[in-house]
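Structure first, commentary second.
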Amino acid sequence: MKLGVNIDHIAVLREARKVADPNPLDALSIVKRAGADQITIHLREDRRHIQDIDALNIIYHSPLPVNLECALAPEILDIVCELQPHRVTLVPEKREEVTTEGGLDIFSNAEELTKTIRRLKQHEIEISLFIDPTLDNVEMSEKLGVEWIEFHTGKYANVYAMLYANLGNTHHTIKELELPRSELKEILEEEVSNLRTLSCHAMELGLQVAAGHGLNYQNVQEIADIETIEELNIGQSIIARSVFTGLEKAILDMKELLGQ
Ligand code: PXP
């Protein structure tokens, strides 16, 4: 199981004071030393964390492949085509959201996606679609001709938190979370089984499968056990732990849970 470390939250801390530190660029060698496989960053339209200069420096200096998440926004895609990261993960974006709350609607955006995918391919950039785990989404992704899909694991993570960590539903959008424990357990099992079935189907269709969002040291194991998911992209929980343990140890702890 490969691990992509999302380092946006280092820039969140910096942007809170609009100063120079901490600089996400300083994370690159540490992430590599800890044995992670990929650097993931999100260049948001509102530039709330990663700035254009960060993206440029990170892509230029990273010793690991860079997976750049971005919205289907022409201004951002122009920058992306110039920067030529190893991979682009197309994600939905809303200005008012705290974090990416769901997968990309690849059906209503199909026309725009077709044009964007063609353009990114011309720039020899690998493409991933961040999607909710549904059969329709998997089959449509294959039709759109991308190399990767990334399953949004937010629902799994939220249900897990309600059941085992009593952390509450941070997004307030999932009505299932008002259900009794027994039903939540069933939903969690269904969610894992769904991810397992769909990742297997996606692999048979020739897609490579990643997953991410809300994964942490408590809930990652069941997702890591799905052999057909090749890669996890994890940010918040690793950067949060790094405040206390240092980044290298936080990544090593996660890798241990992934069986490495
Ligand atoms: N993958 C994608 C496509 C994301 O948008 C995010 C959140 O930025 C992540 C993974 C990582 O999520 P988290 O920070 O909750 O680990």
Side-chain angles (χ1 to χ4, degrees), residues 1-4 6 37-38 40 42 67 69 71-72 87-93 99-110 113-114 116-117 126-164 169 171 173-177 179 183-216 218-235 237 254 257-259:
M1 173 73 71
K2 287 189 183 159
L3 175 63
N6 186 318
D37 304 282
Q38 173 171 267
T40 296
H42 185 170
N67 169 29
E69 301 169 359
L72 271 175
R87 189 191 307 166
V88 162
T89 299
L90 295 168
V91 302
E93 219 173 87
T99 180
T100 317
E101 285 171 1
L104 190 61
D105 181 346
I106 59 176
F107 287 90
S108 44
N109 287 302
L113 269 170
T114 306
T116 303
I117 290 167
E126 202 174 79
I127 307 156
S128 180
L129 300 177
F130 191 40
I131 52 172
D132 288 324
T134 69
L135 182 61
D136 284 351
N137 278 341
V138 169
E139 296 190 335
M140 182 65 170
S141 299
E142 192 259 336
K143 286 197 189 99
L144 286 165
V146 295
E147 292 92 347
W148 283 83
I149 52 171
E150 178 169 342
F151 285 132
H152 192 294
T153 48
K155 182 174 172 190
Y156 164 80
N158 270 329
V159 176
Y160 192 101
M162 286 300 285
L163 257 174
Y164 299 115
N169 167 22
H171 302 321
T173 51
I174 300 173
K175 58 182 181 321
E176 287 90 337
L177 296 181
L179 296 171
E183 285 185 48
L184 285 177
K185 263 193 173 153
E186 258 174 52
I187 295 173
L188 195 69
E189 276 165 26
E190 274 166 25
E191 208 50 35
V192 174
S193 150
N194 184 45
L195 285 163
R196 188 180 288 282
T197 311
L198 289 179
S199 57
C200 188
H201 184 57
M203 204 189 72
E204 283 163 5
L205 292 176
L207 292 162
Q208 290 181 273
V209 183
H213 196 89
L215 297 177
N216 58 37
Q218 288 76 42
N219 67 20
V220 77
Q221 197 72 69
E222 287 189 67
I223 304 299
D225 286 345
I226 303 176
E227 304 83 14
T228 40
I229 296 181
E230 284 183 50
E231 173 192 290
L232 300 179
N233 286 297
I234 306 180
S237 61
M254 185 57 80
L257 293 171
L258 304 186

Gap separating the CG atom of Leu90 from the CD1 atom of Ile149, nearest 0.5 angstrom: 13.5 Å
Test applied, side-chain hydrogen bond (donor to acceptor under 3.5 Å, both in side chains); reference residue, Arg87; option that passes from Glu147, Glu126, Glu150: Glu126
Point-to-point distance, once rounded to the nearest 0.5 Å, from CG of Leu232 to CG of Asn6: 12.5 Å
Contact summary for Gly102 and Pro92, nearest pair of heavy atoms: O-CG, 3.0 Å
Side chain to side chain, Lys185 and Tyr164, heavy atoms closer than 4.5 Å: yes
Ile229 versus Ala210, closest heavy-atom pair with distance: CG2-C, 4.2 Å
Check: Gly214 main-chain N/O paired with Tyr160 side-chain donor or acceptor under 3.5 Å: no
Spacing of Ile223 atom CD1 and Ile226 atom CD1 [to the nearest 0.5 Å]: 4.5 Å
Glu230 side chain near Val209 side chain, heavy-atom distance below 4.5 Å: no
Euclidean distance, Leu72 CG relative to Leu113 CG, rounded to 0.5 Å: 5.0 Å
Salt bridge (Lys or Arg N to Asp or Glu O under 4.0 Å) contacts touching residues 191-204 (sequence neighbours left out): Lys155-Glu191, Arg196-Glu227
Derivation of the side-chain hydrogen bond (donor to acceptor under 3.5 Å, both in side chains) call for Glu69 and Asn67: CA-CA 6 Å; Glu69 301 169 359; Asn67 169 29; 4.8 Å; no
Could you go through residues 130-146 and list every donor-acceptor pair under 3.5 Å that involves a side-chain atom there, pairing it with any protein atom two or more places apart or in another chain?
from, atom 1, to, atom 2, distance (Å)
Asp132, OD1, Gly103, N, 3.0
Asp132, OD2, Gly103, N, 3.4
Thr134, OG1, Asn137, N, 3.1
Thr134, OG1, Asn137, ND2, 3.2
Asn137, ND2, Asp132, O, 2.9
Glu139, OE2, His201, NE2, 2.8
Ser141, OG, Asn137, O, 2.7

From Val91, Asn109, Thr89, residue fulfilling side-chain contact (heavy atoms from CB on, under 4.5 Å) relative to Leu104: Asn109
Donor-acceptor pair, side chain of Asn219 and main chain of Asn216, under 3.5 angstrom: yes
Minimum heavy-atom distance between Ala110 and Thr114, given as atom pair plus value: O-OG1, 2.7 Å
Value rounded to 0.5 Å, distance of OH in Tyr156 from CG in Leu188: 5.5 Å
Under 3.5 Å donor-acceptor, Ser237 side chain and Leu215 backbone: yes
Within-4.5 Å side-chain heavy-atom neighbours: Met254 and Val220: yes
